[in-house]
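Worksheet for the structure shown next.
Throughout, residue positions are numbered sequentially from 1 according to the sequence presented. First listed ligand is number 1; within each ligand, the first listed atom is number 1. Every heavy atom of this structure was used, including side-chain atoms; hydrogens, water molecules and symmetry mates were not.
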Amino acid sequence: MVKKENKKPLEDYSLDIATQEMLARGEELGLETAFTRADNMKACPIGADSLCCKICSMGPCRIVKAGQTGICGATADTIQARNFIRMVAAGAAAHSDHGRDMAFTLKETANGETQGYIIRDVAKLRDLASNYNIPIEDRSPNEIANDLADFYIAQFGQQKGLVASVIRAPKKRREVWEKLGVLPRGVDREIVECLHRTHIGDDQDAEHILDHALRTAIGDGWGGSLIATDVSDILFGSPAPILGEANLGVLKDDYVNVVVHGHEPTLSNMIVAASQSPDILEYARAAGAEGVNISGICCTANEVLMRQGIPAAGNFLQQELAIMTGSVESMVVDVQCIMQAIVGLAENFHTEIITTSKKVKIKGATHIEFDEKKALDIAKEILRSGIDNYKNRGETRIPDHRESLVPGFSHEYINYALGGTYRSSFRPLNDAVMSGRVRGVVGIVGCNNPRGKHDDLHVKLAEELLKQDVLVVETGCSSIASAKQGLMLGEAGLDQVGPGLREICETTGIPPVLHMGSCVDNSRILTVLAQVVEEGGLGEDISEIPVVGLAPEWMSEKAISIATYVVASGVYTIMSGSAPLDENPKVPDSSIVPQLLSSGWAEKVGAGLEFIHDFDTIIEKTLEHIDKKRADLGLPVYDPKAFGKSGDARMNELEKMPVKDRRQAIYG
Ligand code: NFS
């Protein structure tokens, strides 16, 4: 391993103090991480502008001046559009293949072929089945689940018609898609067509290529991802608020630490269950540990955090740092966002990297293949191997930083939180937006990217928007960033939010930043928006709601697919961090693709996609969009002075007083 030094002050690498401490530790040990590798590898400027074409062997062709084309004559527009849609295809494939696997697990569970899984959310199962006209009366949950699983599985390979779950989008939105010809026929079919169209000598009209990007991404958001979320809820329970913790400080010195990392909830949920079984506890104690401590990285972390309160050790850029604490016996990975570097890094410690998916092996890692039919046995085998490894642990350095959070906000739960069991409704939320107490809603989602300061934009954007009375919903690595900074603590952070939003949070008990799950759970944001439309008062289509999507530190192809389906759903979206289409292109005026994605899509689907890096400009454009949508709906102009004068204002005064004086102030 190449020894690397940190080239910047630690606070320039990450907002998160635990991360800073581990980067110092990395330098002490002379170990490199993604942070130091990013210092030492400059991004290719041509690739950064998405102006490199390598889809045939006449190239790779690189466009370095306006008007230049590839050897086949492909223009900058065509090259950029092809690169973009190939990212959408890969992202949609990753989400949807995950969804397909979940549907197969549901089918096997319904037929008694899995070990340890049961149908946990029968109400959601029945609800969804009847949505798709699957009979539910006088049928057992397993019978219904078998039919629903078949129905879901068919959506992936369907050749004609419409991906059925798309009917959950508002009617007006579906009409927009129908008119444009972008209703997805089958999840896989649209992905395959992306690859066909972008083969040398096929689709060479950027606008036409990008229309198909919309179609493919709709098949992801309202298809594959939505199915993944639905089935996860049926099998593992729909999330509801639960207390959790986040950051590297959740690792424990006196426990066997097993970190689950990746994206699928199937194995991780079983590992959590197995870690609590008496035989495993006894085995751990016999090895001299207090027990087994499970924690998560990336979206597997979100899956087990929001359902079982299992702590999140960190987000994407913290996977190497967890190993560097020296306290991790096993890092168990499934699919997606797993850095190959962890295997080499782990050689410096006792950590065993265990790959488990049929689809993912990493050279040098131990492979224990997961099989739902023997899920509990395999989970126990993995845990036993971690426990056996405990004796090999050397010096540890666990940063003493962790923060509490309350995750678990599904649209079903928000409904309940706002109206209880008998009057569950989105009415209070719609009313809050209509009155101006809540200025608008922003979804902050996506990854970390070492090209920028880790967690910084996620957290600072959320903090500023809260002051502006904007309700924030988060998923993926963004939600872990906010959690680490204490933004998901229910009422504890309410002194930091605007007066109107504060009134709503205090009245309903919801925190101002809602953790809505993993990245496939961005589909939850879509269903929340659909329900806001259904509730009434904020227009008839998602594009009319004062809502914006932000992916400020994105890096994965999945994030491009998400942004595309969010835009296709009518939500103006800003991506920053690194860009395939830089806002300041090095070859100016070479391509119309940035305009096609922003104003072009705004015309077609009522929302555009832009790549912006500057914090102030992101905030300005976000609020401008929200205020414009408010004005278009005829809602009152946002006025922070109009709210915060209820009894809660008195609470503010009281909070500032020493506790001993409060009684006197209240009772005289
Ligand atoms: Ni989303 Fe979740 Fe994180 Fe980015 Fe990776 S974990 S699926 S892709 S890095 S947010």
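- Nearest protein heavy-atom neighbour of atom 3 (Fe) of ligand 1: Cys477 SG, 2.3 Å.
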Q | Worked verdict on Lys359 versus Asp97 for salt bridge (charged side-chain N to carboxylate O under 4.0 Å, His left out) | A | CA-CA 11 Å; Lys359 296 167 203 159; Asp97 207 31; 2.9 Å; yes

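- Checking Thr527 against His411 by side-chain atom types alone, a donor-acceptor pair falls below 3.5 Å.
- Checking side-chain atoms of Arg173 against main-chain N and O of Val605 turns up a donor-acceptor pair under 3.5 Å.
- The closest approach between a heavy atom of Gly446 and any atom of ligand 1 is below 4.0 Å.
- With ligand atoms numbered from 1 in the order given, ligand 1 contributes 5 (Fe), 7 (S), 8 (S) to contacts under 4.0 Å with heavy atoms of Lys558.
- Summary of contacts: the protein heavy atom closest to atom 8 (S) of ligand 1 is Ser556 OG, 3.2 Å.
- Using the six-membered ring where Trp is involved, His625 and Tyr572 have ring planes that are tilted, between 30° and 60° apart.
- Close approach of ligand 1 to Cys298 (heavy-atom distance below 4.0 Å) involves ligand atoms 6 (S).
- Atoms of ligand 1 lying under 4.0 Å from any heavy atom of Met555, numbered from 1 in the order shown and given with element: 9 (S).
- The protein atom (non-hydrogen) at minimum distance from atom 5 (Fe) of ligand 1 is Cys337 SG, 2.2 Å.
- Between Thr564 and the choices Val567, Ile560, Val566, the side chain to side chain contact (heavy atoms under 4.5 Å, CB included) rule is met once, by Ile560.
- Inclusion of Cys447 in the first shell of atom 2 (Fe) of ligand 1 is not supported: no N, O or S atom falls under 2.8 Å.
- Side chain to side chain, Ser479 and His515 meet the donor-acceptor criterion of an N or O pair below 3.5 Å.
- Of all protein heavy atoms, the one closest to atom 2 (Fe) of ligand 1 is Cys299 SG, 2.3 Å.
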Q) Taking it one step at a time, do Arg524 and Asp233 satisfy salt bridge (charged side-chain N to carboxylate O under 4.0 Å, His left out)? A) CA-CA 11 Å; Arg524 292 188 202 280; Asp233 286 356; 2.9 Å; yes

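- Atom 2 (Fe) of ligand 1 sits nearest to atom NE2 when only the N, O or S atoms of His263 are considered.
- Inclusion of Cys519 in the first shell of atom 1 (Ni) of ligand 1 is supported: an N, O or S atom falls under 2.8 Å.
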Q | Audit row: Glu320, Arg37, salt bridge (charged side-chain N to carboxylate O under 4.0 Å, His left out) steps and yes/no | A | CA-CA 12 Å; Glu320 292 173 290; Arg37 286 190 294 274; 2.8 Å; yes

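- Every atom of ligand 1 is numbered from 1 in the order shown, and the set under 4.0 Å from a heavy atom of Phe316 is 9 (S).
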